[in-house]
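This one's a predicted model, so the numbers in the text were calculated from it and none came from an experiment. The basis for the numbers below is simple: all heavy atoms, side chains too, and nothing from hydrogens, waters or symmetry mates.
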Amino acid sequence: MTKDHGPQIKNDEKYEALRKDGMSKTKAARIANTPDSGKKGGKAEDYEDRSKQELYDKAKEVGIGGRSKMTKKELISALRNS
């Protein structure tokens with residue numbers, strides 16, 4: 001039986017599995033709270049093909065700190081490692 005992590009975690013079972021695999025609490029919560037996170041097949045545009053503004057907006061959405069002073073290359077690295 002999975003532990004109830006409260007209302008901030010929407011899918012407790014998925015959260016616990018991700019934590020068991022070694023994911024951070026923040027990343028596991030973000031994935032567990034995304035309704036379609038288990039679906040595959042989406043084709044996103046490569047980070048290198050996006051504008052710096054698009055990367056900045058994505059970094060803001062994900063919650064990456066210090067993004068306003070980052071170069072495009074640094075934004076790409078931060079997004080890939082978040």
Side-chain angles (χ1 to χ4, degrees):
M1 181 167 184
T2 60
K3 179 181 172 186
D4 182 12
H5 296 281
Q8 69 274 17
I9 303 295
K10 306 298 183 219
N11 187 333
D12 292 308
E13 189 174 322
K14 186 181 284 187
Y15 175 81
E16 285 185 17
L18 293 168
R19 289 290 293 145
K20 188 175 182 178
D21 287 342
M23 224 171 256
S24 71
K25 289 180 181 181
T26 303
K27 191 167 185 178
R30 186 172 58 230
I31 293 170
N33 289 338
T34 302
D36 59 352
S37 66
K39 297 180 183 175
K40 292 185 178 182
K43 297 293 178 186
E45 185 179 350
D46 288 335
Y47 284 139
E48 288 78 12
D49 295 336
R50 298 182 189 188
S51 70
K52 184 177 177 184
Q53 184 62 48
E54 290 173 315
L55 295 170
Y56 175 86
D57 292 341
K58 183 66 177 173
K60 184 177 181 181
E61 178 185 320
V62 175
I64 295 172
R67 62 190 172 271
S68 63
K69 296 180 181 177
M70 290 184 184
T71 64
K72 182 175 178 176
K73 189 174 182 177
E74 290 170 330
L75 284 167
I76 291 170
S77 178
L79 286 165
R80 285 194 172 135
N81 295 316
S82 68

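Classification of Glu61 and Lys58 as a salt-bridged pair holds, one side-chain N sitting under 4.0 Å from a carboxylate O.
Note that the CZ atom of Arg67 and the CG atom of Asp57 stand 9.5 Å from one another [nearest 0.5 Å]. How far CG of Leu55 is from NZ of Lys72: 6.0 Å, rounded to the nearest 0.5 Å.
The two residues Ser82 and Val62 have their closest heavy-atom pair at OG-CG1, 3.7 Å.
In this structure, the side chain to side chain contact (heavy atoms under 4.5 Å, CB included) partners of Ala78, at least two apart in sequence or on a different chain, are Ile64, Met70. Applying the side chain to side chain contact (heavy atoms under 4.5 Å, CB included) criterion to Glu48, with sequence neighbours excluded, gives Asp46, Ile76, Arg80. In this structure, Glu45 has no side-chain hydrogen bond (donor to acceptor under 3.5 Å, both in side chains) partners at least two apart in sequence or on a different chain.
Of the options Lys52, Glu54, Gln53, a side-chain contact (heavy atoms from CB on, under 4.5 Å) to Leu75 is made by Lys52 and by none of the others.
The shortest side-chain heavy-atom distance between Tyr56 and Ser68 falls under the 4.5 Å cut-off.
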